[in-house]
Every structure is written in structure tokens, then in C-alpha cells.
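Throughout, protein chains are lettered first and strands after them, A, B, ... in sequence-line order, and every chain is numbered starting at 1.
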Amino acid sequence: GEDVEQSLFLSVREGDSSVINCTYTDSSSTYLYWYKQEPGAGLQLLTYIFSNMDMKQDQRLTVLLNKKDKHLSLRIADTQTGDSAIYFCAESFPSGGYNKLIFGAGTRLAVHP
Amino acid sequence: EAGVTQFPSHSVIEKGQTVTLRCDPISGHDNLYWYRRVMGKEIKFLLHFVKESKQDESGMPNNRFLAERTGGTYSTLKVQPAELEDSGVYFCASSQGATGAPYNSPLHFGNGTRLTVT
């Protein structure tokens with residue numbers, strides 16, 4: 001079945017790196033995503049990775065995908081207070097249409113001075 | 001370009017009442033989706049419209065929920081009668097394509113409607 005698991009909370013010091021982890025159960029997913037939700041705002045697509053890739057880097061963001069272990073992570077380098085938000089991991093499948101996403105419960109990232 | 005707009009941003013109603021949520025997608029986006037996040041849990045897919053047609057409504061929880069998209073523009077999601085477990089944040093999203101990959105047809109989300117049923 002489809003299931004995406006995330007830890008609920010992460011606290012980091014400003015300037016440190018943050019690593020948010022996600023595990024999923026269905027290995028047939030085609031794309032895996034990281035969305036960010038700031039307070040009072042909608043979901044913003046941060047980055048995504050195609051399932052045949054191991055890593056994707058975009059400025060301060062690094063996504064690592066371990067298909068064998070069904071594990072996805074998001075690393076934020078030099079974390080800033082503006083990075084405080086809820087981060088959702090999600091996956092999609094070609095059979096469902098790529099925009100029918102399966103989300104996790106979200107990880108709340110708190111950045112403190 | 002205006003984004004996806006949802007109204008109201010918050011709604012507090014009593015159990016048994018009716019509430020109607022509205023979503024205005026990005027102009028020109030044929031595909032409209034409703035998602036829901038209940039009680040801090042995962043965000044779950046509710047349904048997908050292509051223009052005015054329901055393409056997939058497999059996520060609708062029960063027949064108290066009715067979604068419409070007359071004319072293929074804005075959509076409404078009505079809950080009647082509302083129950084306590086319907087409380088949560090209802091997100092609407094739109095995209096140009098339905099089966100395109102995220103690099104050419106990503107989802108654009110609205111800010112959500114927070115529904116509280118007391």
C-alpha cells in the first residue's frame with residue numbers, strides 16, 4: 001500500500017545543516033517531492049527527484065534518494081530562520097497521474113538562534 | 001499571474017451545519033484538485049477535475065461531501081451536514097496538465113481553508 005512516514009519535529013540552530021527524513025512503502029513511485037508550508041500559506045514545491053536518480057542539488061538544498069531502503073532525505077545547508085516551516089514529503093505514480101500525490105504528515109522545522 | 005485562490009480562509013461552524021468552500025484555480029488550468037489535511041496528519045487527495053468533469057473522486061470520504069466545477073472554472077466543495085471529524089485544512093490545487101511531470105506541469109496550491117467544526 002501507499003504510506004509515507006516522516007518524523008514530526010526537528011529543531012536546529014541557525015547556520016547549522018538540517019536533515020529531514022522520509023520513508024515510503026511503494027517502490028513504484030516515479031517522482032518524490034519536498035513541499036514547504038510556511039504559516040498561513042499554501043504548499044510550495046521546493047524540489048523533486050525522479051526515481052532513477054540518487055541525488056539532486058539545488059543551491060542550499062540536497063535531496064538524497066535510497067530506493068533500496070525507500071528513504072528520501074532533504075538537507076538544508078546553512079539553515080536560516082526563514083526556513084522555519086512544515087516540510088512535506090510526497091510521492092506520485094504514473095497510474096494515478098503525476099499530480100495525485102501521496103503525502104506524509106509533515107515535519108515541523110524550528111530554527112533557533 | 002494570480003495564484004490559486006481559496007475562500008474563506010477560515011470557517012467555524014457547528015456540527016450538523018453546511019459549509020461551502022470555494023477555489024479559483026489559475027486561469028487556463030484545466031486540472032483542479034482538492035486535498036485535505038486533518039488534525040495535523042498527512043495531506044490526503046480528495047478528488048480531481050478535468051474542466052468540469054470529475055476525473056477521480058476516489059479520495060472523497062463519504063456522501064456528505066459534494067464537489068462541483070460548473071463551467072470548468074471555479075470549484076466548490078460542500079460539506080453537508082458537517083461532522084467533528086471534518087475539521088482540518090482543505091487545499092485546492094491546479095495544474096495545466098494532469099499527467100505531465102513536475103518539470104512541465106507542476107501543482108500550484110492555494111493557501112487552504114481551515115475548517116473547524118464544533
Q. When hydrophobic residues are tied together by side-chain contacts of less than 4.5 Å, even through go-betweens, does L45(A) share a cluster with W34(A)?
A. yes

**Q.** NZ/K15(B): more than 12 non-hydrogen atoms of other groups inside 6.0 Å
**A.** no

**Q.** Nearest atoms (heavy-atom pairs only) where L107(B) meets Y35(A)
**A.** CB-OH, 3.9 Å

Q) Taking a hydrophobic cluster as the set of Ile, Leu, Val, Met, Phe, Trp and Tyr residues connected by side-chain heavy atoms closer than 4.5 Å, whether directly or through intermediates, do F91(B) and F88(A) fall within one such cluster? A) yes

Q.
A quick test of your reading: do over 12 heavy atoms of other residues, nucleotides or ligands sit less than 6.0 Å from NZ of K67(A)?
A. yes

Q: Pick one of side chain, backbone, both or neither for L8(A), based on which atoms fall under 4.5 Å of a heavy atom in chain B.
A: neither

Q: Indicate yes or no for a side-chain donor-acceptor contact from Y35(B) to the backbone of L101(A) under 3.5 Å, with no hydrogens or angles considered.
A: yes

**Q.** Over all atoms of both residues, closest heavy-atom pair of G42(A) and N111(B)
**A.** N-OD1, 2.9 Å

Q. Should we say atom NZ of K78(B) is surrounded by more than 12 heavy atoms from elsewhere, each under 6.0 Å from it?
A. no

Q. Hey, what do you get for CZ (R37(B)) to CD1 (I86(A)), rounding to the nearest 0.5 Å?
A. 4.5 Å

Q) Non-hydrogen atoms of chain B under 4.5 Å away: do they reach the side chain of Q44(A), the backbone, both or neither? A) neither

Q.
Looking at F9(A), I'd like to know if its CZ atom is crowded, meaning that more than 12 non-hydrogen atoms belonging to other residues, nucleotides or ligands lie closer than 6.0 Å.
A. yes

**Q.** S9(B), part contacting chain A, at a heavy-atom distance under 4.5 Å
**A.** neither

(Q) Restricting to non-hydrogen atoms, name the atom on I43(B) and the atom on F103(A) that form the minimum distance, rounded to 0.1 Å. (A) O-CB, 3.3 Å

Q | Pick from E42(B), Q55(B), Q6(B) with the largest number of heavy-atom pairs that fall under 4.5 Å of chain A | A | E42(B)

Q. Is it the case that one hydrophobic cluster holds both L61(A) and M53(A), taking links as side-chain heavy atoms less than 4.5 Å apart, direct or via other members?
A. yes

